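For clarity, every value in this text was computed on a predicted model and none was experimentally measured.
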Amino acid sequence: MPEDQPAPEASRHALIVGAGIGGLATALFLVRAGWRVTLAEREAALHEVGAGLQLSPNATRLLARLGMMADFTDLAVRPQEMVVRRHDGQVLARPVLGKQAEQRFGAPFLVIHRGDLQKVLRQRAEKAPGIEFRLGHRVTDLRETDSEVTGIFDTASGEKQITADLLIGADGLWSRVRPLSGLSQASQPQEKTAWRGLIPREAAPIFAREAKVNLWLGPNAHLVHYPVSGGEAVNVVAIIDETWLEEGWNAPGDPDVLLRLFTNWGADARDLVAASPGWNRWALLDRAPESRWSRGRITLIGDAAHAMLPFLAQGASQAIEDGASLAAHLGAAGSGSRLAQALRRYDRARITRTARVQSGARSQGRIFHLSGPLALARDMALRLLPRNAALERFAWIYGHDAESPRG
């Protein structure tokens, strides 16, 4: 539905569990499609936290249809290129982004702090007629009949129930809705952790302030960094081989661990790591593709459905795609067989798509952390690639339209 076309009267009600990026985006797409939405979030207040993230054209074209691109003017950075370096600092490739990528795919690449994106989505949702927030609601059980589904929540004032036509689990990697809907919670630890640092602009090395995505490749580790918050900070993520495993996204990390690990890296990389005032870390997990996400009147989006490694920078973009695709498939379906058919179509479209992204991310991770002769072969291949090779290689990701009939 075009942005300027009014949504039909909302008679169908969706309950979304989780008010992160995926949940908020899905709420906006559903309201545009004519649904009424309740967003239930376990936290008593919405806090904009987390690392920077990359939004590729497959996501930004969807956000543009919500009329949101102006919201990012002072928050997001449009990188002009990616700089790929070996761990000693030698430049291996400079894939183009910027205007060339936008012309190729009809939408921009953006880098933004996760908290800024969540804030913009939240502000949109708070202003949207048809979206209601229920904060401090921790889901404990689900009950379903042929005509409705009910979420049971633990709150500060006791048990609460919310009944809707459809319940959507958008509650992330450690989803509670997932096992309650009958799907396995099993995910595979990858013996890798992501360490996040946020460096104020004035404290960051000059080379790191430029509007570029930077990727450093090393044995058993790699670094990614780029400016966020309108250029006022530099987001740094170090991925290292490590067996640590703990639930959550913000466990404190000991900076001495990283300083020791990057001792033999180039001076610029060492300076960058040393400049971060602190580090948080989280364990990387992956999940094998499944035959379904939906059961009855319950479905999943984002990490709750398809946890994936971050090596294609698609986590947030795929969650946004999920929301747009779900709303497009649901349309006016709100009851009975029409809802069931819509959810089956959503499952078929999105499971095929996200399974391919998951597989591609695994392959990238193996390539990033090569050592010895294999790393030398990788580096030689990177030097020979034309500057637009990455855009063409991943055109199947960036050119995808999740609102199309096959999205």
Side-chain angles (χ1 to χ4, degrees), residues 50-56 59 76-97 101 109-117 190 192-199 201 204-205 207-229 231 233-242 249 253 255 258 261-262 265-266 268-276 278-284 308-318 357 360-370 375 378-379 382 390 394 397:
L53 55 83
Q54 301 176 50
L55 289 176
S56 45
V77 174
R78 299 192 180 205
Q80 299 307 301
E81 64 177 359
M82 174 181 284
V83 182
V84 183
R85 296 179 174 87
R86 204 166 63 180
H87 70 282
D88 60 5
Q90 184 176 356
V91 175
L92 301 173
R94 291 182 177 272
V96 293
L97 296 173
F109 275 86
L110 300 177
V111 289
I112 188 169
H113 192 278
R114 179 179 294 273
D116 289 337
L117 176 58
Q190 299 300 300
K192 289 179 171 60
T193 58
W195 293 58
R196 173 192 43 96
L198 194 65
I199 307 172
R201 174 183 172 83
F207 76 91
R209 305 175 192 176
E210 298 177 327
K212 300 175 182 179
V213 175
N214 295 267
L215 170 64
W216 298 67
L217 306 177
N220 306 314
H222 72 276
L223 275 174
V224 179
H225 61 93
Y226 44 80
V228 293
S229 301
V234 173
N235 178 76
V236 186
V237 178
I239 309 290
I240 68 173
D241 291 346
E242 183 181 31
W249 296 93
L258 289 189
L261 180 65
F262 289 98
W265 287 49
D268 283 347
R270 297 197 307 271
D271 290 346
L272 187 73
V273 171
S276 178
W279 295 91
N280 290 324
R281 64 175 175 168
W282 64 92
L284 298 185
M308 61 181 58
L309 297 171
F311 306 134
L312 285 177
Q314 281 295 303
S317 292
Q318 290 304 306
V357 177
R362 294 184 200 108
S363 297
Q364 285 290 98
R366 290 189 290 269
I367 292 169
F368 286 175
H369 286 204
L370 291 173
R378 173 202 64 201
D379 297 348
L382 285 170
F394 297 116
I397 295 180

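- In this structure, the side chain of R378 engages the main chain of I367 through a donor-acceptor pair within 3.5 Å.
- Taking CG of L370 as the start and CG of N220 as the end, the distance is 9.5 Å to the nearest 0.5 Å.
- By the 4.5 Å heavy-atom criterion applied to side chains, M82 and N214 are not counted as neighbours.
- A side-chain donor-acceptor contact under 3.5 Å links Q80 to the backbone of R78.
- Pairing each heavy atom of A221 with each of I240, the nearest pair is CB-CG2, 4.2 Å.
- Atom CG in D88 sits 11.0 Å away from atom CG in D268 (nearest 0.5 Å).
- Side-chain contact between R85 and L215 is absent, with no heavy-atom pair separated by less than 4.5 Å.
- Residues Y226 and V234 are not in side-chain contact: their nearest non-hydrogen atoms beyond the backbone lie 4.5 Å or more apart.
- Remark: L382 CG to R94 CZ distance equals 13.5 Å, nearest 0.5 Å.
- The main-chain N or O of R201 is found under 3.5 Å from a side-chain atom of R209 such that the two form a donor-acceptor pair.
- Under the rule for a side-chain contact (heavy atoms from CB on, under 4.5 Å), the partners of V77 that lie at least two apart in sequence or sit in another chain are V111, A211, P227.
- Between the CG atom in L55 and the OG atom in S317 there is a gap of 5.0 Å [rounded to 0.5 Å].
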- Message: The test is side chain to side chain contact (heavy atoms under 4.5 Å, CB included); show your working for E81 and V96 and say whether it passes.
- Response: CA-CA 4 Å; E81 64 177 359; V96 293; 5.6 Å; no
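- A heavy-atom distance below 4.5 Å is not found between the side chains of T193 and I239.
- Put simply, CG on L309 and CZ on R366 are 9.5 Å apart, with the number rounded to the nearest 0.5 Å.
- By the 30° and 60° cut-offs, the orientation of the rings of H369 relative to F311 is tilted.
- In this structure the side chain of V224 never reaches within 4.5 angstrom of the side chain of N235, judged on heavy atoms.
- Put simply, the side chain of H113 does not reach to within 4.5 Å of the side chain of L53, judged on heavy atoms.
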- Message: With side chain to side chain contact (heavy atoms under 4.5 Å, CB included) as the criterion, how do L217 and V84 come out once you've worked through the C-alpha distance, each side chain's angles and the decisive distance to 0.1 Å?
- Response: CA-CA 8 Å; L217 306 177; V84 183; 3.9 Å; yes
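- At a threshold of 4.5 Å between non-hydrogen side-chain atoms, the residues W195 and E242 count as touching.
- Taken to the nearest 0.5 Å, the CH2 atom of W265 stands 11.0 Å off from the CG atom of L272.
- Shortest non-hydrogen contact noted between V228 and I112 is CG1-C, 3.8 Å.
- Aromatic ring centres of W216 and H87: separated by at least 6.0 Å.
- Side-chain rings of H225 and F207 approach one another, their centers coming within less than 6.0 Å.
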- Query: Would V273 and L223 count as a side chain to side chain contact (heavy atoms under 4.5 Å, CB included) if you check the C-alpha gap in whole Å, the side-chain angles of each, and the deciding distance to 0.1 Å?
  - Reply: CA-CA 9 Å; V273 171; L223 275 174; 4.2 Å; yes
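- Side-chain atoms of V236 and R196, non-hydrogen and from C-beta on, never get closer than 4.5 Å to each other.
- A donor-acceptor contact shorter than 3.5 Å is absent between the side chain of S229 and the backbone of G231.
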